[in-house]
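Just below is one structure, and these are the notes that go with it.
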Amino acid sequence: MKNTLPEFSISLKYKSKKSELKTITCPGDAADVARQCFNADTMDWVESFIVIALNQANKVLGFYKVSSGGVSATVSDPKVIFQFALLSNASAIILAHNHPSGNLEASNADKAMTEKIKNASKMLDITLIDHIIVTDESYTSFSQMGLL
C-alpha cells in the first residue's frame, strides 16, 4: 500500500552571514528593530503585532507579522507566535506591537496576553525577552516596567 500521508519539511536559510545579524542588547535596540518591521505607511493608522526571533546570542533571526487589526486593537494568537518561534529555531523572542494613538501605556489586554505568552514560553524553553509597544517617536518596554 502506498503511503499517502503528507510529509512536512523544515529548513532555515540565511540571506546574510550570521556575523551580520543585528544583536539586541537593550530595549532600545528591540524598539529600533521593531520599527523596521512595521509598515511605516500604516503605523499611525492600524495596530499590528509582530514577533521577533533571536538565537542564543540575541541575534535577530527574523520577524513574523502575527496580525493586523483596527485602529485600537489586534488579535494575537499564541499558537501562531510559537509556531514561528519553533520553526525559526528561536532561543528567545520579543513581542512588539504599535499603538496608532501614540499612547504608550500598556492596556490590561496587553498585560494579560504577555503573561500568557510568558508562561507558555517557559514550557517550551524559549525566553520571552521583552514586549515592546512602539510609536514613531518612542516605546514602552515591559521588561523595563518590571512586567516580565
Side-chain angles (χ1 to χ4, degrees), residues 8 10-148:
F8 289 83
I10 299 171
S11 67
L12 175 63
K13 296 178 183 176
Y14 293 98
K15 291 185 179 181
S16 58
K17 297 177 184 175
K18 288 183 187 178
S19 62
E20 296 172 350
L21 298 174
K22 171 76 175 162
T23 303
I24 303 294
T25 60
C26 65
D29 290 344
D32 290 342
V33 168
R35 276 192 203 93
Q36 292 175 34
C37 300
F38 289 107
N39 182 335
D41 293 335
T42 61
M43 193 161 153
D44 290 332
W45 178 45
V46 175
E47 187 169 316
S48 297
F49 188 97
I50 63 165
V51 59
I52 301 167
L54 305 158
N55 68 14
Q56 288 182 317
N58 283 354
K59 291 187 179 282
V60 176
L61 297 171
F63 80 96
Y64 183 72
K65 184 177 178 180
V66 175
S67 64
S68 189
V71 173
S72 61
T74 190
V75 176
S76 304
D77 187 338
K79 290 179 283 208
V80 174
I81 292 167
F82 286 110
Q83 180 182 44
F84 167 69
L86 291 168
L87 290 174
S88 66
N89 204 28
S91 294
I93 57 173
I94 296 171
L95 309 175
H97 74 281
N98 64 311
H99 279 177
S101 67
N103 178 3
L104 289 168
E105 191 171 325
S107 69
N108 288 335
D110 293 339
K111 292 174 187 175
M113 194 274 306
T114 302
E115 187 66 24
K116 187 175 189 178
I117 298 300
K118 181 174 92 171
N119 292 333
S121 68
K122 288 178 185 176
M123 290 176 47
L124 295 170
D125 199 25
I126 297 173
T127 304
L128 175 58
I129 291 179
D130 210 340
H131 183 165
I132 303 286
I133 299 172
V134 296
T135 65
D136 283 339
E137 299 173 358
S138 193
Y139 69 91
T140 294
S141 161
F142 278 54
S143 66
Q144 284 181 329
M145 293 187 324
L147 296 174
L148 292 178

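Source: prediction; values computed, not measured. Hydrogens, waters and symmetry mates play no part in the numbers below; they use all other heavy atoms, side chains included.
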Mind listing the closest non-hydrogen atom pair of [X] and [Y] along with its distance?
| X | Y | result |
| --- | --- | --- |
| Ala85 | Ile126 | CB-CD1, 4.0 Å |
| Ser91 | Asn55 | CB-C, 3.8 Å |
| Leu128 | Ser121 | CB-OG, 3.8 Å |
| Ser67 | Val75 | OG-O, 2.6 Å |
| Ala30 | Ile94 | CB-CD1, 3.8 Å |
| Met145 | Ala106 | CE-CB, 4.2 Å |

Hey, are the side chains of [X] and [Y] touching, using non-hydrogen atoms and a 4.5 Å cut-off?
| X | Y | value |
| --- | --- | --- |
| Ile52 | Ile129 | no |
| Leu147 | Thr114 | no |
| Leu21 | Val60 | no |
| Ile93 | Phe84 | no |
| Val66 | Thr74 | no |

Going by the ring pair (Phe, Tyr, Trp, His ring centres under 6.0 Å) test, which pairs reach into residues 103-122, not counting sequence neighbours?
-> none
What pairs meet the ring pair (Phe, Tyr, Trp, His ring centres under 6.0 Å) rule with one or both residues in residues 30-59, with sequence neighbours excluded?
-> Phe49-His131
List the residues meeting side chain to side chain donor-acceptor pair (under 3.5 Å) with [X], not counting sequence neighbours, and say none if there are none.
| X | answer |
| --- | --- |
| Asp32 | Arg35 |
| Thr127 | none |
| Lys122 | none |
| Thr25 | Asp29 |

If a pair satisfies salt bridge (charged side-chain N to carboxylate O under 4.0 Å, His left out) and one of its residues is in residues 102-117, list it, with sequence neighbours excluded.
-> Glu115-Lys118
Return each pair, listed once, that meets salt bridge (charged side-chain N to carboxylate O under 4.0 Å, His left out) where at least one residue sits in residues 130-148; pairs must be two or more places apart or across chains.
-> none
Determine the sole option in Ile133, Thr140, Val134 for which the side chain to side chain contact (heavy atoms under 4.5 Å, CB included) test with His99 is passed.
-> Ile133
Rounded at 0.5 Å granularity, tell me how far [atom1] in [X] sits from [atom2] in [Y].
| X | Y | atom1 | atom2 | value |
| --- | --- | --- | --- | --- |
| Ile50 | Lys65 | CD1 | NZ | 10.0 Å |
| Asn89 | Leu54 | CG | CG | 12.5 Å |
| Ser76 | Ile117 | OG | CD1 | 8.0 Å |

Any residue meeting ring pair (Phe, Tyr, Trp, His ring centres under 6.0 Å) with Tyr139, in chain and number order, not counting sequence neighbours = none
What residues, two or more places apart in sequence or in another chain, satisfy ring pair (Phe, Tyr, Trp, His ring centres under 6.0 Å) together with Phe82?
-> none
Go through the steps to decide whether Val33 and Phe63 satisfy the test side-chain contact (heavy atoms from CB on, under 4.5 Å), and finish with yes or no.
-> CA-CA 9 Å; Val33 168; Phe63 80 96; over 6 Å; no
